[in-house]
There are 2 protein chains.
Amino acid sequence: MSDEDRGAMVYALLRETRPLVLNSARVVEASLRGDGLSVGTRAVLEMLAEHGPMTVPDIGDRLDLARQGIQRHVNDLSTRGLVESRVNPAHRRSVLIATTPAGAALFARIRADELARLGAMAAEHSAGDLATALRVLRSVNRDVRQRATDLR
Amino acid sequence: MSDEDRGAMVYALLRETRPLVLNSARVVEASLRGDGLSVGTRAVLEMLAEHGPMTVPDIGDRLDLARQGIQRHVNDLSTRGLVESRVNPAHRRSVLIATTPAGAALFARIRADELARLGAMAAEHSAGDLATALRVLRSVNRDVRQRATDLR
DNA sequence: ATTCATATGACATCATGGTTGTCATGTCAG
DNA sequence: CTGACATGACAACCATGATGTCATATGAAT
């Protein structure tokens with residue numbers, strides 16, 4: 001496959017992502033509204049729930065966002081009692097952020113709800129196709145991320 | 001495949017999209033900055049360049065955005081001489097928006113630049129894999145979009 | 001051990017753009 | 001003819017990504 005053809009296919013792929021993110025954010029926000037969460041705070045809660053306690057800058061690195069914005073979300077979640085600070089054995093100044101039991105329970109409920117609804121999506125595709133799509137998306141993500149990193 | 005497994009795969013897919021959109025927007029914006037365009041105005045210009053003249057509400061429908069925001073982009077593009085209004089034979093009030101020669105030329109240049117850079121992305125995947133990923137993404141997009149539409 | 005670059009939290013500011021609302025006017029179906 | 005809806009214009013709000021600053025803590029280099 002020529003580079004032009006590949007470029008055209010990746011171009012088409014990327015074009016799907018914007019509306020997909022917008023629409024999924026709308027759906028997710030709608031069910032999150034009752035809990036006072038946004039997609040941003042939800043993403044932070046998810047990161048902590050899945051990968052354990054970490055510092056604010058670490059969350060930012062993982063989500064490709066500046067630590068300042070993450071700090072806002074963490075402060076918001078902390079006010080709601082969904083996350084809490086813990087002393088960092090490896091760093092006195094930089095505290096670890098961890099989910100509280102309430103935060104972990106809330107996210108578990110949110111994810112269960114979402115998984116149930118997502119089960120009906122893209123029903124005409126096989127598990128193999130979904131796996132292929134995931135692999136491709138991760139590769140594109142990796143390469144685009146590299147480009148974005150080069151900008152800094 | 002069970003619904004739970006499918007849900008988990010689509011969940012993983014969607015999780016890739018947010019950082020992908022963010023990072024690609026950063027890369028695209030960086031090269032667009034010189035032309036005074038943003039990803040928003042670029043999307044409108046792209047729509048007009050690829051699908052021909054259409055009304056502001058039509059662009060909004062196609063991009064899953066409110067016509068008010070599209071109007072802002074159109075006004076901006078119009079000020080820069082990249083798009084222009086034409087009388088709509090099917091509607092006296094609702095004008096058609098079309099690219100000017102300058103706008104069409106600018107977008108052609110932008111797309112050529114982007115295609116060239118995208119040719120190096122996800123190089124370890126076959127054309128078939130890319131095609132599969134595109135089909136899956138379109139299906140997910142369609143179903144998520146349906147959910148979002150149901151919210152209104 | 002001292003020094004210096006960097007990391008971190010806290011705080012502030014700004015721009016983009018998605019969302020919502022209003023109003024006058026044009027359009028179209030009943 | 002009338003009422004429901006579409007459209008352009010304009011306005012306002014707000015979440016959030018981007019950026020900058022500053023004091024302090026940390027770690028590495030000398």
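Quick caveat, the model's predicted, so the values are computed rather than measured. For the numbers below, each heavy atom of this structure counts, side chains included, while hydrogens, waters and symmetry mates do not. Quick note on labels: first sequence line is chain A, next is B, and so on, each numbered from 1.
- In this structure, CD of B:E29 is placed 18 Å from P of D:dT16, rounded to the nearest angstrom.
- Rounding to whole angstrom units, CG of residue B:L96 and C1' of D:dG8 are separated by 14 Å.
- With no hydrogens or angles considered, no side-chain donor-acceptor pair links B:T41 and B:R80 at under 3.5 Å.
- Listed candidates were C:dG18, C:dG9, C:dT22. Nearest to the side chain of A:R26 is C:dG18.
- With contacts defined as side-chain heavy-atom distances shorter than 4.5 Å, the pair A:L22/B:L65 qualifies.
- Of the candidate nucleotides C:dG17, D:dG17, C:dG9, C:dG9 has the atom nearest to the side chain of A:V56.
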For A:H51 and A:D58, what are the C-alpha separation, side-chain angles and deciding distance, and is it a side-chain contact (heavy atoms from CB on, under 4.5 Å)? CA-CA 11 Å; A:H51 294 97; A:D58 280 346; over 6 Å; no
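- Among the nucleotides C:dT19, D:dT16, D:dG8, the one closest to the side chain of A:S38 is D:dT16.
- Between the CZ atom of A:R86 and the P atom of C:dG9 there is a distance of 16 Å, given to the nearest Å.
- With rounding to whole Å, B:D76 atom CG is found 17 Å from D:dG8 atom P.
- Looking at A:R72, its side chain comes within 3.5 Å of the base of D:dG17 through a donor and an acceptor atom.
- For D:dG8, neither phosphate oxygen OP1 nor OP2 lies less than 4.0 angstrom from any side-chain nitrogen or oxygen of B:Q68.
- Going from atom NE2 of B:H73 over to atom P of C:dT16 covers 11 Å, rounded to whole Å.
- Spacing between atom CD1 of A:I70 and atom P of D:dG17 amounts to 8 Å, rounded to whole angstrom units.
- The interatomic distance linking B:M54 (CE) with D:dA6 (P) rounds to 19 Å, in whole Å.
- Within 4.0 Å of B:R33, counting heavy atoms only, lies no atom of the nucleic acid at all.
- Here the nucleotide nearest the side chain of A:R67, chosen from C:dT8, C:dG18, D:dA18, is C:dT8.
- Rounded to an integer number of Å, the gap from A:Q71 CD to D:dT16 P is 15 Å.
- Residue B:R18 is in sugar-phosphate contact alone, with no base atom involved, counting any heavy-atom pair closer than 4.0 Å across all strands shown.
- The shortest heavy-atom contact between A:V21 and B:V21 is CG2-CG2, 3.4 Å.
- Side-chain atoms of B:N75 and B:R72 form no donor-acceptor pair, as typed in the model, at a separation below 3.5 Å.
- Heavy atoms of B:G40 sit under 4.0 angstrom from primed sugar atoms or phosphate atoms, though from no base atom.
- Mapped onto DNA chain C by nearest heavy atom, A:D58 and A:L22 fall at different nucleotides, with A:D58 at the one closer to the 5' end.
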